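What follows is a single structure, written as C-alpha cells, with notes after it.
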Amino acid sequence: MIKSAIFEPNLLPMNPRSILLLVLLLLGYTVSAQYTEKINTNRPGTSQGAFSVGNNVLQLEGGMGFGKEKHKIFDTKTNVFNFDYAVRYGLLIEQLEIRLNGRFRADGVKQTIGANEEKIQRSDFEINTLGAKYLIYDPYKRPKKDSINYDALKSWKEHHRFKWKTLIPAVSAYAGANFVTSDNPFTFPDDPTFSPIFAVIAQNNWTTSYGGDWAFVTNIIVDKVTTDNPAIGWILTATHTVNEKWAGFLEYQGQKSDFYSDNILRMGGAYLFNQDVQFDANLAFNFKDTPSIWTLSFGASYRFDWHKKDEIIEKPGLEGGVKEGEEPEEGEEGIEGELDEEFNDIENDSLKQQRTPFINTFEDDSFREEMEQDLDERRTAERLERERIEQEKVDKKEGKKLQKEEARRLKREEKEARDAEKAALKAEKEKEKMLQDIDAELDKMEKEQGVDGELDDIDKQLQELEKMENELIQEEQKEKEKEGKEEEKKTDEKEEKEEKVKEEQEEDIDAEYEQYQQQQEKAKKEEEKRRKKEDKRRAKEDKKRKKEEEKKKKNAERDPKIDQEIDKELEDF
C-alpha cells in the first residue's frame, strides 16, 4: 500500500517460537537497506513516505480522476478531469531518491449571469515539481548492542506490551522546484516560472498481533516561499493492511495561503496484483462551498526492479568479525543453537536467506566476498524458481479458462446453427403452404368464371383505382390552394395588426416623452422659484445682521463718553 513494505507476510499464522525468532532478527540485527521485496508506492494518497524505493529502482505512479466543483458565491459549476503522474528513482545510495511529479487538469466551467449561461474550457499543468528526498533518521536501523533482552523476548507479556520507542518516526527531508507555464489558469497570475518547495516527512510503522500492519505518515510542506503568495500545507495519512493483497487508507490534507485555502479528506484502498504492480482507487471531498469539491480517482503503480546487491545482516558486535583471543559471552551459544533449530523448521525462505553463519578467526575479505556472491546467487535462483512456479500456475489457470471459453463458444455456435436450421425449415413449409393456397384459389376462380372474365374484372378494378387516384390528387391540390390563400390572408391581417400596434406604441411613447418634458420644465420652474425665495431670505438675514453690527458699533463708541461724564460728576460731588 502506502509508503512502506505494507504488504509483507502476516505474522499471525506463525507459532510463538517463530515469532520470537523473527523479533530477534528484526531487533538484534543491523539492516542498512530500504529496498523491499514488494512495491513501495505513495499512492493512492498525496503524501510522501519517509523511505525511498531503493537503490537502482525506477518506479512509475499515475492515475486519473473525475469530479465536480460548485462555487456558491460565483454561482459556477465545474466538471473536472485530472491526470497525475510521479516518476521515482533510487540514486547512488539507499537513502536518496529523486522524484518528478505533476498533475494535468482540464475542466469546463458553467457560470450563470442573469438569464445567460456561459461555458469556459480550461486545461494546463496544475503542478510540476522536480526534487530529491533524503532519509535523515531511521529508528529501525542499528539498534544498541545492549537493547536486546533475550529473556524478556521469551515472555508473551513483554512481547505484546506497547513500546514507547515505536512512537519515534523515521524522518526525511525533501527539497524541490516548481515550474509552471505562463498564463496558467490554475495558478496565481504573478507566480514566477520557478519557485522552491520544502517538506519534512515523518513515518511510523507498527505491526500488531491483533490489528495487522499500520503505517502513519506526516508531511509538513512549505511551498513557493520566495513568491508573493507562499503556502503552508500538512498531510496526515493512515494506512492499514487487511491481508496480503488488500489495504485501505484515510488521509487528511490542509492548505493555507492567500491564493487558496482548503481542508480535504480522502479515503480508498489498493490491491497488490504482484510484487511489482499495484492498483488503487480513492474518493476525495472537502467541507466548504467556495468551492465544494468531489473527486473519484483510479490509478496504478509499476516498478522496474534493477536492484542487484542485498545488504548483509549481522549480529551487533560482530560486524568486523570475532577478534583474536575474544570469546562470545555466556549464553550466546545456546541462543544461536536455538536459532539454528528454528531455521531448520521454518518454511519461509526469506528468513533462511537472512541467516548469516558465525564468522571465525580465519575469515578475510575474500571469504566475505565469496559469501556475498554465494548468497546473491542462491537468492536469485530461488527467486527465479518461485517466479517460474507462479508463472506456471498462471499459465495453467489461463489455459483452463481458455478451454472453458472455447467449449462455451462451440456450444453456443451449435445451438445457433440448430436454431437457424429450424427457422429455415419452418419458413420453407410456410412458403409451400402459401403457394398451395394461391393455386387452390386460382383454380376455384377459373371454374367459376373462367380466365378471360377474371382478367376483365382486374382491368375494371385498375381503371376504377386510377380514376379514384386522380380525383384524390385534384382534391388535394384544391385544398392546398385554399390553405395557401387562407395563410396569405392571415399573414396580411397579422402584419396589419402589428403595424397598428407599432403605431399605437409610437404614439404612446411620444405622449410619454411630452409628459416627461412637461414634468421636467415644471420641476425646473419650481426649483428656480425655491432658489429665489432662498436668495431673498438670505438677503434679509444679511441686512438684519449688518444693522445689528452697526448698532453694536455705535453703542461701543458712545459708552466711553458716558463714562467720562459720570467721572466728572463724581469729582464735582
Side-chain angles (χ1 to χ4, degrees), residues 1-3 42-49 61-86 101-112 119-129 178 180 184-189 191 197 199-201 215-224 227 229-240 247-270 280-299:
M1 180 54 186
I2 299 178
K3 327 296 186 287
N42 288 334
R43 292 192 61 85
T46 58
S47 61
Q48 293 190 60
E61 304 172 7
M64 60 181 63
F66 307 88
K68 290 183 178 293
E69 295 182 4
K70 292 183 180 180
H71 203 292
K72 186 176 180 180
I73 297 176
F74 296 153
D75 193 15
T76 59
K77 297 179 181 179
T78 307
N79 294 322
V80 179
F81 167 79
N82 56 56
F83 173 78
D84 56 277
Y85 70 92
N101 67 289
R103 184 189 305 119
F104 178 81
R105 171 169 170 162
D107 57 21
V109 183
K110 294 181 181 179
Q111 185 174 13
T112 303
K119 295 182 180 180
I120 304 171
Q121 299 291 334
R122 306 180 302 179
S123 62
D124 208 328
F125 280 95
E126 192 174 7
I127 300 171
N128 275 309
T129 305
N178 302 306
V180 296
N184 193 320
F186 304 114
T187 59
F188 196 76
D191 279 355
I197 178 172
V200 177
I201 306 161
F216 185 74
V217 175
T218 304
N219 286 183
I220 306 297
I221 305 164
V222 181
D223 195 6
K224 301 180 181 179
T227 67
N229 298 282
I232 298 175
W234 55 93
I235 307 174
L236 307 176
T237 307
T239 306
H240 176 53
F249 90 104
L250 182 67
E251 181 176 273
Y252 166 69
Q253 179 180 4
Q255 180 177 336
K256 183 74 174 176
S257 71
D258 295 336
F259 181 64
Y260 180 71
S261 299
D262 206 344
N263 294 283
I264 300 174
L265 187 67
R266 294 183 183 86
M267 59 183 66
D280 59 75
N282 72 85
L283 177 67
F285 54 90
N286 67 346
F287 304 95
K288 67 176 187 176
D289 54 9
T290 56
S292 62
I293 297 174
W294 182 91
T295 306
L296 179 63
S297 302
F298 303 91

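Scope of the values below: all heavy atoms of this structure, side chains included, with no hydrogens, waters or symmetry mates. Note that the structure is a prediction, hence the values are computed from the model and not measured.
Inter-residue side-chain proximity for Ile221 and Ile197 is flagged as met; some heavy-atom pair is nearer than 4.5 Å. In this structure the side chain of Met64 never reaches within 4.5 angstrom of the side chain of Phe104, judged on heavy atoms. Between Leu296 and Phe66 the shortest side-chain heavy-atom distance does not fall below 4.5 Å. Side-chain contact between Lys224 and Asn178: present, with at least one pair of heavy atoms (C-beta onward) separated by less than 4.5 Å. The side-chain heavy atoms of Ser123 and Phe81, taken from C-beta on, include no pair separated by under 4.5 Å. Inter-residue side-chain proximity for Lys110 and Thr112 is flagged as unmet; no heavy-atom pair is nearer than 4.5 Å.
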Take Asp280 and Glu61 through the side chain to side chain contact (heavy atoms under 4.5 Å, CB included) test and state the conclusion after the steps. CA-CA 11 Å; Asp280 59 75; Glu61 304 172 7; over 6 Å; no
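Asn184 meets the side-chain contact (heavy atoms from CB on, under 4.5 Å) test with Asp124, Val180, Thr181, Phe186, Thr187; sequence neighbours excluded. Under the rule for a side chain to side chain donor-acceptor pair (under 3.5 Å), Lys70 has no partner lying at least two apart in sequence or in another chain. By the side-chain contact (heavy atoms from CB on, under 4.5 Å) test, Val109 pairs with Thr76, Thr78, Asp107, Ile120, Arg122, sequence neighbours left out. Residues forming a side chain to side chain donor-acceptor pair (under 3.5 Å) with Glu126 (at least two apart in sequence, or on another chain): Arg103. A search for side chain to side chain donor-acceptor pair (under 3.5 Å) contacts involving Thr218 returns nothing, not counting sequence neighbours. Contacts of Gln255 classified as side chain to side chain donor-acceptor pair (under 3.5 Å), with partners at least two apart in sequence or in another chain: none. Listed by chain and residue number, nothing satisfies the ring-ring contact (aromatic ring centres under 6.0 Å, His included) test with Phe83 (two or more places apart in sequence, or in another chain). In terms of the ring-ring contact (aromatic ring centres under 6.0 Å, His included) criterion, residue partners of Phe188 (sequence neighbours excluded) are, by chain and number, Phe259. By the side-chain contact (heavy atoms from CB on, under 4.5 Å) test, Asn128 is found to be paired with Tyr85, Phe125, Phe179, residues two or more places apart in sequence or in another chain being considered. Shown here are the side-chain contact (heavy atoms from CB on, under 4.5 Å) partners of Ala281, two or more places apart in sequence or in another chain: Phe298.
In terms of heavy atoms, Glu69 sits closest to Pro291 at OE1-CG, 4.1 Å. When all heavy atoms are compared, the tightest approach of Gly269 to Pro44 is O-CG, 4.0 Å. Gly108 and Gln121 get closest at one heavy-atom pair: CA-OE1, 3.9 Å. Heavy-atom minimum distance, Ser47 versus Asn42: O-CB, 3.6 Å. Across every non-hydrogen atom of Leu265 and Glu251, the tightest pair is CD1-O, 3.2 Å. Nearest heavy atom pair, residue Gly254 against residue Asn263, reads CA-OD1, 3.9 Å.
Within a 6.0 Å radius of CD1 in Ile232, other residues, nucleotides and ligands contribute 12 heavy atoms or fewer. In the displayed structure, Phe74 atom CZ is contacted under 6.0 Å by at most 12 heavy atoms of other residues, nucleotides or ligands.
Here the straight-line distance linking atom CZ of Arg266 with atom CD1 of Ile235 works out to 7.0 Å at 0.5 Å rounding. Note that CG of Asn229 is 6.0 Å distant from CG of Asp258, once rounded to the nearest 0.5 Å. Rounding to the nearest 0.5 angstrom, the gap separating the CD1 atom in Ile127 from the OG1 atom in Thr46 is 9.0 Å. Of the inter-residue distances, the one linking Leu250 atom CG with Met267 atom CE reads 5.5 Å to the nearest 0.5 angstrom. Ile264 contributes atom CD1, which lies 10.5 Å from atom CZ of Phe285 (distance to the nearest 0.5 angstrom).
Put simply, the side chain of Asn219 gets close to the backbone of Gln48: a donor and an acceptor are under 3.5 Å apart.
The side chain to side chain donor-acceptor pair (under 3.5 Å) analysis of residues 286-297, with sequence neighbours excluded, yields the pairs Asp262-Asn286.
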